[in-house]
Amino acid sequence: MPAYTLKQASDLLAQKQISAVELAQEYLSAIAAQNPALNAYITVDAERTLAEARAADARIAEGRAHALTGVPIAYKDIFCHTGWRSACSSKMLDNFVAPYTATVVQNLVDAGMVTLGRANMDEFAMGSTNETSFYGATRNPWDTNHVPGGSSGGSAAVVAARLAPAALGSDTGGSIRQPASHCGITGIKPTYGVVSRFGMVAYASSFDQAGPMAQTAEDCALLLNTMASFDERDSTSLERAVEDYTRDLQQPLKGLKVGLPKEYFGSGNSADVQAALQASIDLLKAQGAEMVEVSLPQTELSIPAYYVLASAEASTNLSRYDGVRYGHRAAQFGDLEEMYSNTRAEGFGSEVKRRIMIGTYVLSHGYYDAYYLKAQKLRRLVANDFQAALAQCDVILAPTAPTAAPKLNELNNDPVQAYLSDIYTIAVNLAGLPALALPAGFSAQGLPVGVQLIGNYFAEAKILGVAHQMQLNSDWHTRAPA
Ligand code: GLN
């Protein structure tokens, strides 16, 4: 099993101790052996991967290498990537081969990273368990009776199973952080607008952000350095000076003020999660950080606000799948109207349909003010809470999810219970803040448990630095499933 971190793979390539082709081959063999039990990759194309690896080796030989040249990576199926089926794990896009590439992917391709394949996900990124995928559920590599979390469950699983040193995910309401926590890896959702959304299939555009998932915070920082860029093809992309997200990695934690939101440490958490939080507090204190109690009183409102707003945006975004331009089209229909409805009835799974119906309802005349507008106001209140809390501390420490990974089928007939399990992640997306999840312990059953660090706008480097210092002094992130 190739267990390299992204940094180790990059160093081995730079020192010419391994070639990009050898590295790709190691991962391709591990994928062939282990993926059938996990269903974490849904598309692999060994020929293409090896061609990219040969090109990377040539670039290294010519002395034109970037630090990431030749390092393999997996992409969540949500990113358009020229020549790859980019299905967003939906029947609707099962036949869609992207004619262009998402900017975040293109930035990594330009650096010479080698594509290992496409990672499974919840259909259109709607879900928390990876079970809504048209291609079937992904299994948690720590225990295949459990889910890996979602929606970037495939991305988290391939990194945890060491079937890729890193992966890209996307986070609309927690989809990077929650699966990272459930699989024992690290992942960061950047401040809204820091990474381009161009070419990333839209779910809820005012929330969606791509982000790196890897074993360590250091690896995430290296990836974010290359992923982030201003993009005029994304109207919400921020035009900012280039940042070095590794700049705070060596920053000691002495005097760091860590906010503990009192509403997040209650009886809603499992004992495993409470233990992981306590272990993180102890680790931070041992390095000289100070804990301060803060309050995020509107947290409970974030669930209804998010599911109104995200569904409203989803219903609008998904209206483009009409069977006319691309994607699935029903074989049987009488007139145009029936072509639309049969296509959408066949192409979307039940969770996606549920979101479209909720979204259409809350946007309809007569309900818009009662639901959509109200939810927008709640969104502001939630964001204000964070500003008040972050005025008292440098970063916030919080659980990522109330429990470790649920069992397969445990949540998939209970959408409300699934929505409630997003309580700790979605407030961050409502506010547009950056947040990072990192491994912080194991449950009594041996499943990983993660915690998250939430920073103020543009505090990516800071939270990556705090996480790196925690990882220098702990070993949860180095453990891999048997
Ligand atoms: N679980 C949340 C949802 O289903 C978040 C998903 C995501 O972040 N893409 O909407």
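Residues: numbered from 1 along the sequence shown. Each ligand, and each atom within it, is numbered from 1 in the order the structure gives.
With Phe207 as the aromatic partner, Arg379 meets the cation-pi criteria of under 6.0 angstrom to the ring centre and within 45 degrees of the ring axis. Both tests pass for Arg233 against the ring of Phe198: distance under 6.0 Å to the centre and angle within 45° of the axis.
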### Query
What's the verdict on salt bridge (Lys or Arg N to Asp or Glu O under 4.0 Å) for Asp219 and Lys7, showing C-alpha distance, side-chain angles and the deciding distance?
CA-CA 6 Å; Asp219 285 357; Lys7 178 76 168 72; over 6 Å; no

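Residues Leu390 and Val294 have side chains not in contact (no heavy-atom distance under 4.5 Å, counting atoms from C-beta outward).
Judged by distance alone, the side chain of Ser364 and the main-chain N or O of Tyr361 form a donor-acceptor pair under 3.5 Å.
Sorted by chain then number, the residues whose non-hydrogen atoms approach ligand 1 to under 4.0 Å are Ala125, Met126, Gly127, Ser128, Ser151, Asp171, Thr172, Gly173, Gly174, Ser175, Tyr203, Tyr306, Tyr307, Arg355, Asp422.
Between Asp322 and Arg344 there is no salt bridge, since no side-chain N of the basic residue sits under 4.0 Å from a carboxylate O of the acidic one.
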